[in-house]
Protein chains: 2
Amino acid sequence: MRQIAADVGVQAGALYNYTPDKQSLLFDLMKAHMDELLIAYDDAMQSGAPLDQLEQFVSFHIRYHAARPEAVFIAYMELRNLTDENFAEIEALRRSYEARLEDILKAGVADGAFDVSDTRVAAMALIAMLTGVNTWFREGGRLSMDDVEALYWDMVRKSVLC
Amino acid sequence: MRQIAADVGVQAGALYNYTPDKQSLLFDLMKAHMDELLIAYDDAMQSGAPLDQLEQFVSFHIRYHAARPEAVFIAYMELRNLTDENFAEIEALRRSYEARLEDILKAGVADGAFDVSDTRVAAMALIAMLTGVNTWFREGGRLSMDDVEALYWDMVRKSVLC
DNA sequence: GTCTATACTCTGATAGAC
DNA sequence: GTCTATCAGAGTATAGAC
């Protein structure tokens, strides 16, 4: 709390005019992150065949998360510091996001475009793979964001096709 | 330190007969984890074509990590609490492990079995995907470890083939 | 709304008796 | 090798002045 206060230019005590306690502050941060993710996703997606939608998902996920490394880091690392009740609420939002990818996969399986035997596992696997970009990607490195997106899309596409 | 002491049945002060400080204890834990991972891997791998080796890697990685969820969790979450020097040493071991997968991918590209345009990125992507199993897999759930291994191997295999 | 001051708790680590 | 006692610092949170 002292560190946060210093970063925003007040003393620690003054923070309690804005949050009842530290747990609420963490929860509000994480909830805002998840809400904004879902809104941005629903806003970005356009209709199309499952393969097109999957490509949009890959592009959106990589770019959205790469642009917010600190928020993504906190959203993952601080999960264990939420109360049971707060954790359940954040977890529900995460599942809602995962379900959006799973729905794309289900649609692809239904129309015969995808060969995926367990859409839930595939969704979890793909999200883990895509989020992993944040652990190594650095702006100005060997690869551009476009390069990264193309490389991951190539792997994702092949992994769900017949 | 008090919590660790309680778990092993001594008072906090007694721990300092075994470690000079908390940083050393964390580093030793993480170093042991990485050393054992590399030894277990080199011990488990058998020669074969790149595709066979890749299948062995997938099987080994999923099972080894799923069997040690707490060690894997610490090895990732506590990275930021290592001193720069200690971090560099752990990071080198991680890279060594990643290089083993990348070598398999390179061999597959060299003999024409794999279609992977960036073996470094592919190695990072696959490891992130496989380690992600730990975030959701629970013994006694809907799927057995064999099921999980088969599902992930199917996705990995397809993602690197032409 | 912010400050200073402070209460209270927890933390890593050390000293010295046994 | 373990204990008790303790230190110094940091943590969250509150009280009351301005």
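Here is the naming used below: chain letters follow the sequence lines, and residue numbers restart at 1 for every chain.
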Between Asp146(B) and Arg63(B), does at least one N-O distance fall below 4.0 Å, as a salt bridge requires?
-> yes
Testing dG1(D), dC3(D), dT12(D) for proximity to the side chain of Tyr16(A), the answer is dT12(D)
Taking 4.0 angstrom as the limit, do Arg2(B) and Asp7(B) come out as a salt bridge?
-> no
Could you check which of dT12(D), dG12(C), dC3(D) has an atom nearest any side-chain atom of Met1(B)?
-> dG12(C)
Is any NZ, NE, NH1 or NH2 atom of the basic residue among Lys158(B) and Asp115(A) found under 4.0 Å from an Asp or Glu carboxylate oxygen of the other?
-> yes
Separation of Asn17(A) atom CG from dT14(D) atom P, in whole Å?
-> 12 Å
The side chain of Ala14(B) lies closest to which of these nucleotides: dG1(C), dC3(C), dC3(D)?
-> dC3(D)
Choosing from dT12(D), dT2(D), dC3(C), which nucleotide comes nearest the side chain of Lys22(A)?
-> dT12(D)
Distance-only donor-acceptor check, side chains Tyr152(B) and His61(B), under 3.5 Å | no
Distance, rounded to the nearest Å, where Leu25(A) contributes CG and dG11(D) contributes P | 15 Å
Within this structure, what is the CG-to-C1' distance between Asp21(B) and dT11(C), rounded to whole angstrom?
-> 14 Å
Residue closer to the 5' end of DNA chain C, Gln11(A) versus Arg2(A) (nearest nucleotide) | Gln11(A)
Given atom CG of Leu15(B) and atom C1' of dT14(C), what is their separation to the nearest angstrom?
-> 14 Å
Rounded off to whole Å, could you give me the CG-to-C1' distance for the Asn81(A) and dG11(D) pair?
-> 14 Å
